[in-house]
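Input: a single structure, listed below in structure tokens.
Computation of the quantities below employed the complete heavy-atom set of this structure, encompassing side-chain atoms and omitting hydrogens, waters and symmetry-equivalent molecules. In what follows, chains carry the letters A, B, and so on, assigned in the order in which the sequence lines appear, proteins first and then strands, with residues in each chain numbered from 1.
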There are 2 protein chains.
Amino acid sequence: MPERSTRAMIVEKADTLFYEGGFEATSFADIAAVVGISRGNFYHHFKTKDDILDAVIARRIEQTRGMLALWEAEGDGPRARILSFIRMLIANRAKIMAFGCPVGTLCSELAKLDHGAQGRAAEILGLFRDWLAGQFRALGAGDRAEALALHVLSWSQGVAVMASAFRDETFLHSEVAGIEAWLSTVPDPAPLT
Amino acid sequence: MPERSTRAMIVEKADTLFYEGGFEATSFADIAAVVGISRGNFYHHFKTKDDILDAVIARRIEQTRGMLALWEAEGDGPRARILSFIRMLIANRAKIMAFGCPVGTLCSELAKLDHGAQGRAAEILGLFRDWLAGQFRALGAGDRAEALALHVLSWSQGVAVMASAFRDETFLHSEVAGIEAWLSTVPDPAPLT
DNA sequence: CAAGAATTAGGACAATTGACCTAGTCTCGT
DNA sequence: ACGAGACTAGGTCAATTGTCCTAATTCTTG
């Protein structure tokens, strides 16, 4: 066991619990039990539940940055990099079918709770959008790069919602194949899509 | 004021509150306050919170059936009927940008809560899927009708998630235009999508 | 080693939760 | 008009919530 810092453990476990059970439904007691510390303890690390959420979002932003940088470093060209993004849906299919997209579902929940951190959660989607737009620009998509990026992002969000609603892995695979086929038509995609 | 039955009022208000605030985050007290009855009262109408959820889902299923039947009755042909579905995104844009799709977000939340009613909530999406598949079949899509239906449904779910995350109405309009353009290529759509 | 800081445990707190109960009030068929 | 059943109000219940406090333990550093 790597024995990370208690604070890091709290954030890591809270991240998982927020994803799999939702932010609102996850209590301090739940997190404390999973981390293996006493309830009162982590008021030394986080004063409020919102502080934990902030830390979780910050962690996700950092991890997303790292992942995008990694894909960027793999010199496979922009088309292959976009495929790396799309294939997250396949790599994480079990969790996605059970709990949806971690980012999309968090944004949706925070929107309903009218929570101030909703904007920061949406920043994670913004990171993907900007990175994808960069790849499409490298493909010569020019002004349409951002629209194409939003389209891929939106498409994958829809697939995540549907796959978890119907728990249908076949659908997930066929839609991913659809995205890949569409991608092969960029930067001159079929009419307006 | 039509003065509906108390039970109908509870279900109606609970529906709105579940949509705008989430199921978990909505308390008995919230519903009672909005309906204007005492807390203890509606244990005469619903024994548990899950019973209210069941009633809300049943109401939504019924309303969805009614809406689909209405579109079916408008003899505008299958293509125009599919457009009616797509344009819900425009008609309800304010609420969608604030709270996402009522059905998609409910399914996501119930999946995280591991709630038994998740399957019934997904039935609502199933109604749309089957109805859309019928329209695509009428367009001559044959075996691909169901896949096309799932695609439209998935696309609109993605648009709803993204529009609420970014609160971007421009994006919503442009994606709807994209869906409509794609629809005009059916039953011979662009490669594989 | 000793002193001070950082960390931890284990409670306590008021508020809220879903659930339940009882005792009134209203409605309506006879 | 009267009695049964539907409806409602308001209170109670244990459990859980986020928050906070204090005392003990561990760690660091001079």
Side-chain angles (χ1 to χ4, degrees), chain A residues 1-58 106 109-110 112-118 120-121, chain B residues 1-58 106 109-110 112-118 120-121:
Chain A
M1 193 89 79
E3 180 60 44
R4 347 159 85 87
S5 76
T6 302
R7 192 195 145 92
M9 282 286 286
I10 291 174
V11 176
E12 179 187 327
K13 299 299 188 185
D15 192 339
T16 303
L17 288 172
F18 288 173
Y19 174 34
E20 301 184 355
F23 169 70
E24 176 90 4
T26 300
S27 72
F28 274 57
D30 294 334
I31 305 173
V34 171
V35 176
I37 62 176
S38 70
R39 258 157 294 120
N41 182 4
F42 60 83
Y43 269 87
H44 189 261
H45 301 278
F46 300 97
K47 287 181 187 170
T48 73
K49 197 179 178 186
D50 289 348
D51 287 344
I52 301 181
L53 178 61
D54 283 342
V56 166
I57 293 176
L106 181 63
E109 182 178 1
L110 295 182
K112 280 181 199 287
L113 296 177
D114 201 20
H115 196 291
Q118 197 266 350
R120 277 179 57 81
Chain B
M1 192 88 80
E3 179 60 44
R4 349 158 84 88
S5 77
T6 301
R7 189 195 148 92
M9 282 287 285
I10 291 175
V11 176
E12 179 188 326
K13 299 300 188 184
D15 191 339
T16 304
L17 288 172
F18 288 173
Y19 174 34
E20 300 184 356
F23 169 69
E24 176 90 4
T26 300
S27 73
F28 275 56
D30 294 334
I31 305 173
V34 170
V35 177
I37 62 175
S38 70
R39 258 158 290 121
N41 181 1
F42 59 83
Y43 271 88
H44 188 260
H45 300 279
F46 300 97
K47 288 182 188 169
T48 72
K49 197 180 178 186
D50 289 348
D51 286 345
I52 301 181
L53 178 61
D54 282 342
V56 166
I57 293 176
L106 181 62
E109 182 179 1
L110 295 182
K112 280 181 199 287
L113 296 177
D114 201 20
H115 196 291
Q118 197 268 350
R120 275 178 60 80

(message) Other residues, nucleotides and ligands only: do more than 12 of their heavy atoms fall within 6.0 Å of CG on A:Asp50?
(response) yes
(message) Check the orientation of B:Tyr43 and B:Phe28. Use parallel for under 30°, tilted for 30 to 60°, and perpendicular for over 60°.
(response) parallel
(request) Identify the two heavy atoms, one from A:His45 and one from A:Arg7, that lie closest to each other, and give their separation to 0.1 Å. (result) O-NH1, 3.7 Å
(request) Not counting sequence neighbours, which residues clear side chain to side chain donor-acceptor pair (under 3.5 Å) with B:Asn41? List them please. (result) none
(request) Sequence neighbours left out, what passes side chain to side chain contact (heavy atoms under 4.5 Å, CB included) with A:Ala58? Give chain and number order. (result) A:Arg120
Dump the pairs, protein N or O against N or O of nucleotides 24-28 of chain C, anything under 3.5 Å, distances to one decimal.
none

(request) Could you tell me which residues satisfy side chain to side chain contact (heavy atoms under 4.5 Å, CB included) with B:Ala29, sequence neighbours excluded, listed by chain and number? (result) B:Ser27, B:Arg39
(message) Quick one, B:Phe46 and B:Val11 - any side-chain contact, counting heavy atoms below 4.5 Å?
(response) yes
(request) Return the 5'-most residue of the pair A:Thr26, B:Arg7 with respect to DNA chain D, ranking by each residue's nearest nucleotide. (result) B:Arg7
(message) For A:Phe23, is there any backbone N or O sitting under 3.5 Å from a side-chain donor or acceptor partner on A:Glu109?
(response) yes
(request) Provide the closest heavy-atom pair for B:Ile10 versus B:Val35 in the form atom of the first, atom of the second, distance. (result) CA-CG2, 3.9 Å
Write down the protein N/O and nucleotide N/O pairs, taken from nucleotides 19-21 of chain C, whose separation is under 3.5 Å; answer none if there are no such pairs.
from	atom 1	to	atom 2	distance (Å)
C:dA19	OP2	B:Lys49	N	2.8
C:dA19	N7	B:Tyr43	OH	3.1

(message) Reading DNA chain D in the 5' to 3' direction, which nucleotide is the first one with an atom under 4.0 Å from a heavy atom of chain B, and which is the last?
(response) D:dA6 to D:dG11
(request) Give the rounded distance in Å between these two atoms: CG of B:Asp30 and P of C:dA15. (result) 17 Å
(message) Under 4.0 Å from OP1 or OP2 of C:dT8: is there any side-chain N or O of A:Thr6 that close?
(response) yes
(message) Closer than 3.5 angstrom, by distance alone: can the side chain of A:Lys13 be matched with the main-chain N or O of A:Gly36 as a donor-acceptor pair?
(response) no
(request) Please state how far atom NE2 in A:His44 lies from atom P in C:dT7, giving the value in whole angstrom units. (result) 5 Å
